[in-house]
Amino acid sequence: MEALREAIRTGRLAPGTRLPSSRVLATDLGLGRNTVVRVYSELINEGWLIGLHGSGTEVARRSAEPLTEREPPRSQAAPPRLVHDLRPGRPDLSSFPREAWIRAVKRAVTTAPFEAFGYIDPHGRGELRSAIARYLARARGLRVRADNVVVCSGAAEGLRIVAAMLAKAGVTTVAIEEFGLQTQRETLSKAGLDTVPIPVDTDGATVSILDTNPAPGAVLLTPTHQFPLGVALQSDRRAAVVDWARRRDALIIEDDYDGEFRYDRSPVGALQGLGHDRVIYLGTASKSLAPGLRLGWLVVPDHLVESTIAEKGWAEETVGFVNQLAMTDFVESGAYDRHIRAMRARYRRRRRQLIDVIGRYAPSARVTGMAAGLHVVVDQPGRTGAELVRRAAHEQLTIEPLSLFRHPASTSDRDGVVIGFAAPPPSAWSSALDALVPVLRSQVDPGSEPAAG
């Protein structure tokens, strides 16, 4: 059978070729006639052959052209190879706790009930929802029960679910911070929602303007550590935005993307604890563990649980039960807390080393943002962010311009670059700092060496 398929596929048997009768072919090949009849029948069902009543069998009139190699694209100048990744929002993947995770996976598969191997409930495994609820209450100050937690495959899917739910509820406009992820703006836009930018200053988003805008139905904030400007929403503004949401019957979407990583004090609690009835909380393991796990969670008010699960649906992308149960074990065993403490110490040290190098080789540069997260914002007088990004590319280094994160309707003229310090593995961190030196170098002794540490 496969020989006939291959002959047709490669063109050795052209469309319209008449094949021998089953009796003749069986005699020629020394096979039983029933075998040949079965092969012809299966190839007819698959569309390779056509059975002609009273006229035998022939190759179907279908494309039988052999696959050919495509011509290679015309040679183009290869972009510079980027060796050092200092983009924001990327954790150190080399530090993923493999052995602890393997133990968690083994325990999860060994002890999982048989029903766990079936189709996944869109709400998420009850064990994980309970573990996440307890962790968030303890570590992030949320007011949450397991029923309020909806497991999703990362914050991006979580926001997509929320955006679709808002659109179906009649919301047309969402206010967002004037600097933020372009992917979040695109997600809201694809759901049919308009976005209006809110200015951000040293006290966080200026939420007072929400009452002057044409009644947005929701606001998306990063209150614990604004991305990318690195400021926190101050207490009076936290209270004000919750009051606004209750007064307007609106919703607050809280993206707590790296809330565990604060280096000068204990992390600030999540906004959800102040307004659990008005806040939809987005959480993820992408920064604390690894984005490839595709593990995230929504915490939604009681009155939105059913509509959130309905929007997620059975057909949507979800997290496999093994990772859900492994994460449950990881949280409840204390391994998650231990890993976060270890990474917090590493990232604190890296941030200090990065700031030291910037201060030494670019003393006029201004580093902004609080001691938190996985990046800093750098503004160097007399040099644009785009210029610094181009210079970094020549040094095989990736950093990103602040302008990349500006809302198209923002009137802010802030410039600079956003430099991450988490992604390089420990063995590459010093060389990444060395590569950054000529990008930021100002008036220094040309014979001096970088303090890469």
Side-chain angles (χ1 to χ4, degrees), residues 1-75 96 98-99 101-128 151-154 156-157 160 290-295 309-329:
M1 186 187 303
E2 184 55 38
L4 279 173
R5 284 199 196 96
E6 184 64 18
I8 298 170
R9 187 183 295 119
T10 59
R12 286 186 286 117
L13 284 177
T17 301
R18 182 69 58 86
L19 298 183
S21 69
S22 59
R23 187 185 305 277
V24 170
L25 186 58
T27 301
D28 289 346
L29 297 178
L31 299 173
R33 185 185 175 198
N34 286 342
T35 300
V36 176
V37 170
R38 179 177 58 80
V39 169
Y40 275 7
S41 177
E42 290 190 20
L43 292 178
I44 289 171
N45 289 336
E46 292 176 7
W48 296 99
L49 303 178
I50 295 177
L52 303 174
H53 183 66
S55 302
T57 305
E58 67 177 38
V59 177
R61 298 189 178 277
R62 50 173 290 155
S63 173
E65 295 179 4
L67 294 175
T68 57
E69 295 293 330
R70 300 179 68 180
E71 292 187 10
R74 296 181 180 178
S75 59
F96 181 80
R98 295 178 188 236
E99 292 185 5
W101 187 259
I102 288 171
R103 290 193 295 270
V105 169
K106 185 176 181 180
R107 285 192 293 265
V109 175
T110 302
T111 61
F114 69 87
E115 52 84 15
F117 292 81
Y119 292 104
I120 305 296
D121 186 336
H123 203 155
R125 293 290 306 179
E127 304 94 325
L128 178 57
V151 178
C152 55
S153 60
E157 192 212 4
R160 187 203 61 74
L293 292 178
R294 307 313 305 141
L295 267 169
I309 296 171
E311 185 57 45
K312 187 170 187 292
W314 290 94
E316 293 300 323
E317 180 181 0
T318 191
V319 184
F321 85 95
V322 174
N323 275 355
Q324 289 197 45
L325 293 182
M327 186 66 179
T328 302
D329 182 280

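- Between Asn34 and Arg38, every side-chain heavy-atom pair lies at or beyond the 4.5 Å cut-off.
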Query raised in the report: Is there a side-chain contact (heavy atoms from CB on, under 4.5 Å) between Glu157 and Arg294 once you walk through the steps?
Result: CA-CA 9 Å; Glu157 192 212 4; Arg294 307 313 305 141; 5.8 Å; no
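- Residues Ile120 and Val151 are not in side-chain contact: their nearest non-hydrogen atoms beyond the backbone lie 4.5 Å or more apart.
- The two atoms that bring Ala116 and Leu325 nearest to each other are CB-CD1, 4.4 Å, heavy atoms only.
- Between Gln324 and Glu127, every side-chain heavy-atom pair lies at or beyond the 4.5 Å cut-off.
- For the atom pair CZ (Arg33) and OG (Ser21), the distance works out to 7.0 Å, reported to the nearest 0.5 Å.
- Here the side chain of Thr111 pairs a donor or acceptor atom with the backbone of Arg107 at under 3.5 angstrom.
- Between Thr17 and Glu58, the closest side-chain pair of non-hydrogen atoms is not below 4.5 Å.
- Taking 4.5 Å as the limit, every side-chain heavy atom of Ile50 sits out of range of all side-chain heavy atoms of Thr57.
- Here the closest heavy-atom approach between residue Phe96 and residue Ala290 is recorded as CD1-CB, 3.9 Å.
- Under the 4.5 Å side-chain criterion, counting only non-hydrogen atoms from C-beta, Asn323 is in contact with Trp101.
- The two atoms that bring Gly313 and Pro122 nearest to each other are O-CB, 3.5 Å, heavy atoms only.
- Contact record, Ala326 with Ala104: O-CB, 3.6 Å, taken as the closest heavy-atom pair.
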**Report entry** Derivation and outcome, side-chain contact (heavy atoms from CB on, under 4.5 Å), residues Leu128 and Leu295
**Finding:** CA-CA 11 Å; Leu128 178 57; Leu295 267 169; 4.2 Å; yes
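- Put simply, the side chain of Ser41 never gets that close to the backbone of Val37: no donor and acceptor are under 3.5 Å apart.
- Atoms CZ and CZ, from Arg103 and Arg98 in turn, are 14.0 Å apart once rounded to the nearest 0.5 Å.
- A salt bridge links Arg125 with Glu115: the closest approach of a Lys/Arg side-chain nitrogen to an acidic carboxylate oxygen falls below 4.0 angstrom.
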